[in-house]
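Residue numbers run from 1 in the order of the sequence given.
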Amino acid sequence: MKTSFIHKLQQIVGEDQVLIDEKNLKSGSKDCFHFSPVLIPILEDKQAEVIVRPETEAELIELIACCVAESVPITPRGGGTGNYGQGVPLHGGVLVNTRRMNTILELSPEQVKVEAGTSLLAVEREAGTVGAELRMFPSTIATSSAGGFVTGGSGGIGSIQWGMLRDAGNIPHMRIITVEKEPRVIDLTGPEELADVLHNCGLTAFVTQVTFALAPKTQWHQYVYSFDDFTQALKAGEAVAKDEEIFKRLVSVFEWPIPSFFTPLQKRGACPEGKAALFLMTDREPEDIAAWFADRGGDCSLHLPPHEGKGKGFQIYDFTWNHTTQWAMKADSNLTYLQDAYDPERVYEQIALRKEKFGNQILSHIEFIRGADGIRTGGLSIVDYRGREQLWEIIKWCEDNGIRIANPHTHFLDEDSRWFGENFIAAKNRWDPEHLLNPGHLRQLEPATQIAGGTGS
């Protein structure tokens, strides 16, 4: 990348906020693609030619205009906790780190408007000052940014009660900047407008502001219940997930030996040897929830009352959603994962058939989620990785047997069910006509995408 172009970037954001040294470029260009042994050799050598850290929307607009004028690719970057390589610059160019855009703009007990780089943990804490909390957040709340969550995520802790990010009312507003010679600032409201940006993986427009709907702050009790077998735990999980009288934030179920991977919980005796586990966050007191579980075969092996769970590592959600995969990989570097969506009428049959076919090549991890049609059973199954062919065999078998798979082992977002269809292409053409934004992640656009990278003059 030419010195004259870098000088232009420095004039916009300041010399200290333009990084060109190899150490920062290498570390700052990675996300969590290392969760996939398939993606590691594909993405590990990809990096930006320069990282820029704007502080204001005005700087971001000027930065985008500068890149478009020189046909330089732009990769948006939040906390870097995405798992599919969508935050990795595949064509060099400029990586825009939004972490300095971190102002909480508006706050009420009903909603909060923040800049895209704002830490979700900061949002959760600030919401608490007005008696509120986020409706949902990823297990990576400590490091995730607002913009990264809404463009790279889909739900998380809280989705059992409030559904997914796309569900009506959870994200009432987003502000975007188009990637054009004269960037436009557009405020989006309503499900139809927001659909072109939510979970876009940084492909359609650059998000600069997000408004989150909030929930009343709740005193959450955290429980681990242990069961003799996984089916027993799953039935209890389904029952508590569907019980509308129980207010909850999390219902997760794990097949043994997944609970053995949770070292901090093991030290507390929370995951007995050989037992399946159910994790639950609810406002119910211990005696009340114990009575509910009395005839369902579960034993309470851990209870964290609301005043606990504030030390790092002792929130039970730190072991759920994709943090489960992280703990599994720490225990055994051969382990990876898949993302499953089961047929609600055939969940037990599908899991049993898969176990019969693949044995302990796959270990079941279930997250219960509220959908428009009721409670859904999703999974982030742990896989004993034995090569790409094995993964694709498992995926094909699952799809053939009605288990929908979102494949986290491809960085092409239009190759699996994470992709929301042709509407994204239309939005990209409308807001990013030269296809400079995060190029390389849509296979159907690759033949038409001719970006060399480093062409700035």
Side-chain angles (χ1 to χ4, degrees), residues 139 157 160 220-243 246-309 311 313-332 335 337 340 342 347-348 351-352 354-355 359-360 362-369 375 377-382 384:
S139 61
I157 293 88
I160 181 60
W220 295 108
H221 290 265
Q222 304 182 62
Y223 299 95
V224 176
Y225 270 80
S226 299
F227 295 81
D228 288 336
D229 64 73
F230 176 70
T231 299
Q232 191 181 29
L234 187 58
K235 287 182 177 179
E238 180 182 22
V240 73
K242 291 182 176 179
D243 191 330
I246 298 178
F247 191 59
K248 53 227 168 230
R249 204 177 202 186
L250 178 75
V251 182
S252 310
V253 181
F254 307 96
E255 177 184 4
W256 183 266
I258 294 175
S260 72
F261 305 148
F262 306 150
T263 306
L265 296 179
Q266 283 282 326
K267 291 178 180 178
R268 284 197 165 198
C271 301
E273 183 76 19
K275 301 281 189 176
L278 184 156
F279 287 14
L280 173 66
M281 292 182 70
T282 177
D283 61 352
R284 294 289 186 97
E285 298 286 341
E287 297 80 6
D288 188 10
I289 205 66
W292 190 94
F293 276 103
D295 297 326
R296 292 180 168 86
D299 294 318
C300 184
S301 51
L302 179 69
H303 168 230
L304 295 177
H307 66 275
E308 284 195 49
F314 289 107
Q315 298 279 5
I316 63 169
Y317 59 69
D318 288 335
F319 306 91
T320 65
W321 289 79
N322 230 0
H323 258 67
T324 303
T325 309
Q326 190 172 31
W327 285 104
M329 291 170 59
K330 285 182 180 180
D332 184 344
L335 297 179
Y337 76 119
D340 322 302
Y342 300 93
V347 175
Y348 298 92
I351 290 175
R354 192 173 66 178
K355 179 61 69 176
N360 282 346
I362 305 181
L363 301 174
S364 291
H365 160 204
I366 301 296
E367 298 288 349
F368 286 97
I369 304 160
I375 299 300
T377 309
L380 292 98
S381 299
I382 302 300
D384 182 6

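Ring pair Tyr225/Phe293 is parallel by interplanar angle, where below 30° counts as parallel and above 60° as perpendicular. The aromatic rings of His221 and His303 lie parallel to each other, with less than 30° between the two planes, well short of the 60° mark. Taking the six-membered ring where tryptophan is involved, the planes of Phe247 and Trp220 are essentially parallel, since the angle between them stays under 30° and well short of 60°.
For the pair Lys330 and Phe261, the minimum side-chain heavy-atom distance is 4.5 Å or more. Side-chain contact check for Ser252 versus Phe319: every heavy-atom pair is 4.5 Å or farther apart. When side chains are defined from C-beta on, Lys235 counts as touching Thr231, because their heavy atoms get closer than 4.5 Å. Side chains of Ile362 and Glu255 form no contact here, defined as non-hydrogen atoms less than 4.5 Å apart. Residues Leu363 and Pro257 form a side-chain contact, since some pair of their non-hydrogen atoms from C-beta on lies under 4.5 Å apart. Residues Ile366 and Ile351 are in side-chain contact: their nearest non-hydrogen atoms beyond the backbone lie under 4.5 Å apart. Between Tyr223 and Leu302, every side-chain heavy-atom pair lies at or beyond the 4.5 Å cut-off. In this structure, the side chains of Arg249 and Asp283 stay at 4.5 Å or more apart for every pair of heavy atoms.
Rounded to the nearest 0.5 Å, atoms OH (Tyr337) and CE (Met329) are 9.5 Å apart. Rounding to the nearest 0.5 Å places CD1 of Ile258 at 7.0 Å from OG of Ser364. Taking OH of Tyr317 as the start and CD of Gln222 as the end, the distance is 7.5 Å to the nearest 0.5 Å. With values rounded to the nearest 0.5 angstrom, Ile246 atom CD1 is found 4.5 Å from Ile289 atom CD1. Rounding to the nearest 0.5 angstrom, the gap separating the OG atom in Ser226 from the NZ atom in Lys275 is 7.0 Å. Distance CE/Met281 to CD1/Ile160: 13.0 Å, rounded to 0.5 Å.
Between Ala328 and Ile382, the shortest heavy-atom distance links the atoms CB-CD1, 3.9 Å. Closest non-hydrogen pair, Glu367 versus Leu380, comes out as CG-CD1, 3.9 Å. Of all heavy-atom pairs spanning Trp256 and Pro272, the tightest one is CZ3-O, 3.3 Å. Tyr342 and Ser381 make their closest contact through OH-OG, 3.7 Å (heavy atoms, listed as atom of the first residue, atom of the second, distance). The nearest pair of heavy atoms linking Thr324 to Thr320 is OG1-CA, 3.3 Å. Of all heavy-atom pairs spanning Leu280 and Lys248, the tightest one is CD1-CB, 4.2 Å.
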Quick one, Val251 with Ile375, criterion side chain to side chain contact (heavy atoms under 4.5 Å, CB included). Give me CA distance, side-chain angles, the key distance, then yes/no.
CA-CA 11 Å; Val251 182; Ile375 299 300; over 6 Å; no
Please lay out, stage by stage, how Phe262 and Phe254 fare under the test ring pair (Phe, Tyr, Trp, His ring centres under 6.0 Å).
CA-CA 11 Å; Phe262 306 150; Phe254 307 96; 5.3 Å; yes
Worked verdict on Trp327 versus Leu265 for side chain to side chain contact (heavy atoms under 4.5 Å, CB included)
CA-CA 11 Å; Trp327 285 104; Leu265 296 179; over 6 Å; no
Please determine whether side chain to side chain contact (heavy atoms under 4.5 Å, CB included) holds for the pair Thr282 and Val240, giving the CA-CA distance in whole Å, both sets of side-chain angles, and the decisive distance to 0.1 Å.
CA-CA 10 Å; Thr282 177; Val240 73; over 6 Å; no
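A salt bridge links Asp340 to Arg354: at least one charged side-chain nitrogen sits closer than 4.0 Å to a carboxylate oxygen.
At least one donor-acceptor pair closer than 3.5 Å links the side chain of Ser301 to the backbone N or O of Val224. Using modelled atom types, no side-chain atom of Gln232 and backbone atom of Phe227 make a donor-acceptor pair closer than 3.5 Å.
Few gaps surround NZ on Lys355; more than 12 heavy atoms of other groups in view lie less than 6.0 Å from it.
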